[in-house]
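Below you'll find the structure, written out as structure tokens, and then a few comments.
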Amino acid sequence: AISGDALDEEAADEIEEILIQADVGVDAAVEIVDRLRERLRRAESGAEQIFVSLRKELCQIAGGGVPFDPGAELTGKPHVVLVVGVNGVGKTTTIGKLARLYRDSGRSVLLAACDTFRAAAVPQLEIWAERAGANIVRAQQGADPAAVAFDAVSAALSRDTDVVLVDTAGRLHTKVNLMEELKKVRRSLGKQCQGAPHETLLVLDATTGQNALSQARQFHLATEVTGLVLTKLDGTAKGGIAFALRRELGIPIKLIGVGEGEDDLQPFDGETFVEALLE
Amino acid sequence: RLTERLDDVFRKLRGQGRITERNIDESLREIRRALLEADVNFQVARSFLHAVRDKATGREVLRSLTPGQQMVKIVHDELVSLLGRQMEPVKLADHPPTVILLVGLQGCGKTTFAGKLALDFKKRGRPPFLVAADVYRPAADEQLRTLGGSIEVPVFGLAETGEDADPVEICRRGVEAARKSNRSVVILDTAGRLSIDDEMMDELVEIRALMHPHEILFVADSMLGQDAVETASRFYERLAFTGSVLTKMDGDARGGAALSIREVTGQPVKFICTGEGLEALETFHPDRIASRILG
Ligand SMILES: Nc1nc2c(ncn2[C@@H]2O[C@H](COP(=O)(O)OP(=O)(O)OP(=O)(O)O)[C@@H](O)[C@H]2O)c(=O)[nH]1
Ligand SMILES: Nc1nc2c(ncn2[C@@H]2O[C@H](COP(=O)(O)OP(=O)(O)OP(=O)(O)O)[C@@H](O)[C@H]2O)c(=O)[nH]1
Ligand SMILES: [Mg+2]
Ligand SMILES: [Mg+2]
């Protein structure tokens, strides 16, 4: 049982089990337990509860980022946000929600429909544009996504738009040609607006297991990810993979998706996240 | 690689003709790590390893294999037997149409799979019919119609029922339309939903009660982690699905969720999806999946 302040074999195993079942992963779980053991050894009060220490340890790993604030000063004009990730994780929906957040803080928003591949991808984004009161730049099915990206930034420049959100097609990180296409989209943004993309968000599904590591590594290599979005945290999955990602790649989690509606996107808060994981 | 790691374990305990208790425990730790890294659920891995331990203890190590390889063989065979034999995926109904209901979490690939399944039936000379029962996701109806259009399979949805129809009514009238036009199979595509969303789960329970589907397929993303057990068991509790589908297997997810889903529901994996195209559909081969899980 977990109580008191000494980390015996049984307590260590129990904690490891909790962490692994939350998708923290074996290596990260073992490391966390080791650090917890160290933390307890060094604890001044001596009688700090194991769970309090565990919570502190997890908060230290998960936290440390600047909380996302749509009203904060933007880097570029337009401020370009590239959204990437594997198939079905929630990129398009997240963009719809982000558009709403930026619109609510008084910003003008333009959506770039760079998923020119999947059936009804553009109509899906168009509905989100309408909901948020954002403009949208699109092309015909099968058009070059890099060209659409370029056109979208041009349009934003000419209309003096504050924020451009770039939706891309889902792609498995193992597909070299698709990752090359993504690099091309990214370069294209930079051609039309120096410094773009100012933010590259990798969207991850909270139900994903250890494969999230592989995804993050490859997407980071291809596009220099500046923040993670963890979606579907309104479900039963804990999203513990966030710890391994933070530990290995150091990329902060900026936002979490907690539902399918416009308002279901929240700035990431380490404490709340850890609380939910341990309950 | 697991075989190499196990070889290392046994190299330390060299000279053993038989696998003994001690070297089994050591090797089981390595196997457990491999299973967890492959996203096999913690509890499932635990009970699986007990079974492996029983099989391994006292077993003669074959002359032709190293102990590491022998251990992997035991694990592999046990995985294959658990995952279930290859089988005829969908049994057709005595009186058409065969009704197939697709369910699962958001974004796992149901709509795309609906198209794949329809194409597969079409190729087998079984005229399929698609029903777009997702009224929630923006442009979901359009997505299925586009897929259906690309393979010349009719799609039934809000355009046919009128805009106020709910998913239950769309399914009911869709099956009716399929029957009237002598279709062989009707595939009901539903909205992704959380297993803990009671209202949405009730909707599926109602569709099942009314339409008596011959097959209910739980579509799951192959990158699903530990949550596979929680989600699959909840879906199974409410719907008693008859098979699962693993999608996005063209990626590098090890697919341990397949074992978890099978273990916790007793239902077989029936299909594997290996790409975004409608041609990318395979039937389930337990030995291939076992090898993939073991890495
Ligand atoms: N419950 C829940 N569902 C979500 C969340 N975010 C997205 N979804 C759902 O996940 C499904 C997929 O969302 P999309 O936005 O189409 O995902 P995508 O990454 O753009 O997909 P592709 O473009 O096909 O790769 C939809 O049914 C969304 O409603 C979330 O935070 N919670
Ligand atoms: N690479 C790959 N992508 C797939 C596969 N199956 C589906 N997809 C993609 O995964 C994404 C989601 O597919 P959908 O069919 O929209 O998923 P869904 O379950 O219907 O989503 P919701 O209706 O929102 O719950 C799309 O981008 C598909 O093209 C597969 O086997 N491999
Ligand atoms: Mg999308
Ligand atoms: Mg769908």
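Bear in mind that the values here come from a model prediction, so they are computed numbers and not experimental data. Lettering follows sequence order; numbering is per chain, from 1.
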Among side-chain atoms of [X] and [Y], is any donor-acceptor pair under 3.5 angstrom?
| X | Y | value |
| --- | --- | --- |
| B:Asp227 | A:Thr207 | no |
| B:Gln143 | A:Gln124 | no |
| B:Asp252 | A:Ser214 | yes |

To the closest 0.5 Å, what do you measure between [atom1] ([X]) and [atom2] ([Y])?
| X | Y | atom1 | atom2 | answer |
| --- | --- | --- | --- | --- |
| B:Met223 | A:Asp205 | CE | CG | 5.0 Å |
| A:Lys232 | B:Leu105 | NZ | CG | 7.5 Å |
| B:Gln106 | A:Thr231 | CD | OG1 | 9.0 Å |
| A:Asp234 | B:Asp197 | CG | CG | 9.0 Å |

Count the heavy-atom pairs under 4.5 Å between each of [options] and chain B, then report the option with the highest count.
| options | value |
| --- | --- |
| A:His173, A:Lys238, A:Arg118 | A:Arg118 |
| A:Glu17, A:Gln215, A:Glu260 | A:Glu17 |
| A:Leu125, A:Thr92, A:Ile127 | A:Ile127 |

Under 4.5 Å from any heavy atom of chain A, what part of [X] do you find: side chain, backbone, both or neither?
| X | value |
| --- | --- |
| B:Arg254 | neither |
| B:Arg46 | side chain |
| B:Glu142 | both |
| B:Leu36 | both |

Just wondering, do [Y] and [X] contact through their side chains at under 4.5 Å, heavy atoms?
| X | Y | value |
| --- | --- | --- |
| A:Thr236 | B:Arg234 | yes |
| B:Asn41 | A:Gln21 | yes |
| A:Asn87 | B:Glu276 | yes |

If you look at every heavy atom in B:Asp39 and A:Gln210, which pair is closest and at what distance?
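Residues B:Asp39 and A:Gln210, closest heavy atoms: OD1-N, 2.9 Å.
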Shortest non-hydrogen contact from B:Leu194 toward A:Gly235:
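B:Leu194 and A:Gly235 have their closest heavy atoms at CD2-CA, 3.7 Å.
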Of the backbone (N, CA, C, O) and the side chain (C-beta and beyond), which part of [X] lies under 4.5 Å from a heavy atom of chain B, both, or neither?
| X | result |
| --- | --- |
| A:Glu126 | neither |
| A:Val122 | neither |
| A:Lys175 | side chain |

Identify which one of A:Ile18, A:Ile20, A:Leu19 satisfies the side chain to side chain contact (heavy atoms under 4.5 Å, CB included) criterion when paired with B:Phe42.
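Answer after filtering A:Ile18, A:Ile20, A:Leu19: A:Ile20.
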Check against salt bridge (charged side-chain N to carboxylate O under 4.0 Å, His left out), A:Glu16 and B:Arg32:
CA-CA 13 Å; A:Glu16 207 183 88; B:Arg32 175 178 171 265; 3.6 Å; yes
Keeping A:Asp23 on the side-chain end and B:Gln226 on the backbone end, is there a donor-acceptor pair under 3.5 Å?
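At least one qualifying donor-acceptor pair exists.
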Specify which of B:Glu230, B:Glu37, B:Lys248 makes the most heavy-atom pairs with chain A at under 4.5 Å.
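Heavy-atom pair counts peak at B:Lys248.
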